[in-house]
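Notes follow the structure.
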Number of protein chains: 2
Amino acid sequence: MTALKKKQITLKDIAERSGVAMMTVSRVVNGTGYVSEETHRRVMEVVDELNYRPNGAARSLKRQRTETVGLVLGDLSNPYSTVLANSVREHLAVRGYSLFICISEQSAQEDITAFNSLVDHNADGIIVATRSNTGGDKRLEAIADSGVPVVVVGRDFRHKTVDFVSADNLTGGFEATQHLIDLGHKRIAFLGGNYESRNSLKRLQGYLNALRLHGIEADKRLITGSRETSSRVPGYSTEKMGYEGMKRLLSLPDRPTAVFARNDFTAVGAMLAIKEAGLTIPQDIAIVGFDDTPLALHTMPALTTVRQPVGLQGQLAAEMLLNRISAKKVLDRVERVLDCELIVRSSTVVAV
Amino acid sequence: MTALKKKQITLKDIAERSGVAMMTVSRVVNGTGYVSEETHRRVMEVVDELNYRPNGAARSLKRQRTETVGLVLGDLSNPYSTVLANSVREHLAVRGYSLFICISEQSAQEDITAFNSLVDHNADGIIVATRSNTGGDKRLEAIADSGVPVVVVGRDFRHKTVDFVSADNLTGGFEATQHLIDLGHKRIAFLGGNYESRNSLKRLQGYLNALRLHGIEADKRLITGSRETSSRVPGYSTEKMGYEGMKRLLSLPDRPTAVFARNDFTAVGAMLAIKEAGLTIPQDIAIVGFDDTPLALHTMPALTTVRQPVGLQGQLAAEMLLNRISAKKVLDRVERVLDCELIVRSSTVVAV
DNA sequence: TGATAATATGTTAACGTTAACTGAAAGATT
DNA sequence: AATCTTTCAGTTAACGTTAACATATTATCA
């Protein structure tokens with residue numbers, strides 16, 4: 001019967017075999033302090049031979065840092081999350097930090113579990129990109145209070161020492177609507193207002209601002225969404241919401257000629273409903289989405305949408321966090337709100 | 001100026017304030033050993049008051065385990081990865097384990113970095129779902145040799161103590177091809193053979209087996225793919241490959257009447273090329289994909305595809321790993337190859 | 001040449017936790 | 001009443017690493 005697990009090789013083993021003190025081995029392994037050419041060689045030989053790897057737990061315990069950052073994501077199935085995660089990882093790697101990702105599946109309890117995992121494993125800092133919720137926010141506040149560096153991305157969270165990065169959903173919503181107005185539309189619907197998602201509300205507000213600016217009166221019946229609790233709803237399922245919302249809009253006596261959907265998934269659902277009704281996009285109804293997910297290129301017709309700079313959000317979040325980690329004192333909150341870009345495709349304009 | 005980071009609260013602090021020994025506090029916190037009702041209450045009061053959380057590094061160091069599992073993914077942007085990750089997380093959570101996800105972006109160096117992060121942080125076990133590569137595999141072998149529990153998912157890796165879970169790509173490829181043959185097709189192309197992806201090769205082999213069984217001779221010109229190094233190619237970009245490969249197929253004097261694409265992205269690219277050529281799916285050319293990504297429902301027409309049980313792979317991987325972690329002795333390799341399911345949609349059959 | 005600086009290694013004491021052991025008091029058992 | 005068992009709590013010694021300090025040797029300089 002094989003041994004359960006080979007005994008861990010420690011500094012002590014290396015020290016004994018190479019005839020030096022543990023401290024000398026530590027110096028060799030870390031490249032710190034003075035070590036003679038000769039000793040260095042001899043120690044490294046044994047290190048390689050025994051395949052020694054420093055024990056992270058012991059190291060963290062002594063050093064009081066782990067060179068590790070946690071990223072908490074609410075919903076992996078959203079392209080936003082994956083692009084963000086990659087960008088964060090990449091920019092952390094440059095500075096020698098590892099990234100551990102936790103998924104919380106949009107539940108308060110799992111948010112808390114994820115935060116705790118990271119704190120308990122002494123992550124040097126945490127980037128949070130989950131949807132806001134009371135329980136999670138309370139725990140997050142306590143964590144920030146305790147001095148752990150935290151950055152939030154694309155979600156609300158006010159704390160005097162927590163940085164904030166987000167796309168400018170307000171202006172994005174404004175520009176999407178403005179685009180439809182420029183095309184001559186007057187009856188423009190907003191699809192997918194969700195009263196738990198701040199970002200969605202910002203997009204709605206941008207829509208309302210654009211209407212107001214152009215003297216178009218907002219029609220409540222044209223603003224549709226779900227009031228149901230959706231705290232556990234993944235990105236994809238908003239498609240169903242788009243489909244159902246659009247059906248409702250189509251049954252109005254005076255149906256809209258254009259729709260601004262809260263995100264691309266919602267837009268895709270709406271397109272399905274429009275096609276089922278035998279109507280043509282964009283001639284009968286024009287439609288704009290949000291996020292520029294890969295999906296948007298594959299719809300028929302291709303979807304006009306608002307692109308938010310996800311990679312940049314990841315980069316800034318990583319940089320802000322590292323900044324905070326290496327700072328000698330507690331820094332004040334920094335906020336970065338990034339411009340969105342309207343991507344015009346065939347779902348609003350025939351010529352394109 | 002605020003202090004940099006609040007001093008960590010330790011067992012010692014709790015012990016002092018509640019007038020007991022550290023060990024007693026430890027017992028209270030962990031719910032182990034005997035502690036009187038009264039002492040328990042008094043200690044917990046202080047624990048809550050000071051918001052004490054045990055130091056994970058110290059705990060791991062002493063206990064020699066972390067109740068943490070690592071998952072290494074090659075490419076987050078693939079729906080496969082996200083579903084797998086969720087499933088793994090869920091099934092680990094049931095048993096009280098946390099999941100840390102690392103992304104390697106399909107490079108050998110980053111694979112190694114990810115493995116090392118996890119080993120160094122004393123993860124109790126590792127689930128690997130990256131694409132196989134020499135450098136990474138070598139490191140992985142050393143890790144497995146050292147006694148760390150490892151399970152690989154959907155990729156090759158032979159090691160006497162590493163478990164293996166995968167979809168049955170061979171039979172999947174066979175069934176997809178069989179379906180096309182059943183529909184009367186004789187000239188069936190295989191699109192996207194990639195000589196670095198074992199799974200893709202298995203699907204190709206299934207295709208060849210089906211042809212052979214029905215006495216259809218394989219035509220080399222109908223088997224197209226890229227020979228270029230694609231070790232860093234994310235899932236999405238195989239769409240371009242599908243588009244270009246399909247163009248090549250369409251330019252043949254005797255073009256195929258059906259195409260089996262290595263995955264849904266490739267199939268989508270192919271569909272684009274077919275439509276651009278003014279041909280109709282499935283009347284002129286039928287097409288089958290693989291993976292049943294969410295995309296497959298949104299193509300026009302909806303894509304016939306082979307669904308692999310991703311959630312189940314995650315569940316089994318988690319269970320096998322936990323099994324290995326809690327085993328008293330080193331277990332022998334277990335292999336699980338899971339059935340795929342053909343999902344027939346409109347890209348092969350008009351009636352559906 | 002003696003003093004100062006740079007180089008090279010070793011020793012000690014933590015970091016925060018818990019397994020293993022010890023001791024004492026209270027309850028149960030004969 | 002003597003013995004055994006259960007309950008409760010404290011002491012000691014690690015887990016593997018490294019910061020801080022101590023010491024010894026060699027090179028450098030006025």
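Naming: A, B, ... by sequence-line order, numbering from 1 per chain.
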Between Leu73(A), Val128(A), Asp111(A), Asp75(A), which is the residue that forms a side-chain contact (heavy atoms from CB on, under 4.5 Å) with Ser104(A)?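 The option that passes is Asp111(A).
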
Tell me every residue that passes salt bridge (charged side-chain N to carboxylate O under 4.0 Å, His left out) with Arg95(A), counting only those two or more places apart in sequence or in another chain.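 So Arg95(A) forms no salt bridge (charged side-chain N to carboxylate O under 4.0 Å, His left out) with any residue.
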
How many angstroms lie between atom [atom1] of [X] and atom [atom2] of [Y], to the nearest 0.5 angstrom?
{"X": "Gln64(B)", "Y": "Asn122(B)", "atom1": "CD", "atom2": "CG", "result": "7.5 Å"}
{"X": "Ile325(B)", "Y": "Asp124(B)", "atom1": "CD1", "atom2": "CG", "result": "5.0 Å"}
{"X": "Arg53(B)", "Y": "Gln8(B)", "atom1": "CZ", "atom2": "CD", "result": "11.0 Å"}
{"X": "His40(A)", "Y": "Arg27(A)", "atom1": "NE2", "atom2": "CZ", "result": "12.5 Å"}
{"X": "Ile103(B)", "Y": "Leu76(B)", "atom1": "CD1", "atom2": "CG", "result": "4.0 Å"}

Are Asp137(A) and Arg155(A) within salt-bridge range, i.e. N to O under 4.0 Å?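 So Asp137(A) pairs with Arg155(A) through a salt bridge.
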
Between Lys62(A) and Ala58(B), name the one whose nearest nucleotide on DNA chain D is closer to the 5' end.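 Looking at DNA chain D, the more 5' nearest nucleotide goes with Ala58(B).
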
Pick the nucleotide of DNA chain D nearest each of Ile9(A) and Arg27(A); which residue has the one closer to the 5' end?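 It is Ile9(A) whose nearest nucleotide is closer to the 5' end.
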
Would you find more than 12 non-hydrogen atoms of other residues, nucleotides or ligands less than 6.0 Å from [X] atom [atom1]?
{"X": "Glu37(B)", "atom1": "CD", "answer": "no"}
{"X": "Glu38(A)", "atom1": "CD", "answer": "yes"}
{"X": "Arg139(B)", "atom1": "CZ", "answer": "yes"}

Sequence-distant partners of Phe100(A), ring-ring contact (aromatic ring centres under 6.0 Å, His included), two or more places apart: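 Result, ring-ring contact (aromatic ring centres under 6.0 Å, His included) vs Phe100(A): Phe100(B), His121(B).
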
Proximity to DNA chain D (any heavy atom under 4.0 Å), residues of residues 17-24 of chain A only: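 Close to the strand are Met22(A), Met23(A).
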
Let's see if you get this right: which residues in residues 28-47 of chain A place a heavy atom under 4.0 Å from DNA chain D?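 By residue number: Asn30(A).
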
Looking at every non-hydrogen atom in both residues, tell me the closest pair between Val28(A) and Met44(A) and how far apart they are.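 Nearest pair, atom of Val28(A) first, then Met44(A): CG1-SD, 3.7 Å.
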
When the axes are fitted on five pairs at both termini, how much does the helix from dT1(C)-dA30(D) to dT30(C)-dA1(D) curve, in 10° steps?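 So the angle between the two local helix axes works out to 30°.
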
5' to 3' on DNA chain D, which nucleotides open and close the contacts with chain A (atom under 4.0 Å from a heavy atom)?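 Range of nucleotides touched by chain A: dG16(D) to dA20(D).
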
Looking at every strand, decide which applies to Arg63(A) at a 4.0 Å heavy-atom threshold: base, sugar-phosphate, or nothing.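 Counting heavy atoms under 4.0 Å across all strands, the contact made by Arg63(A) is with sugar-phosphate only.
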
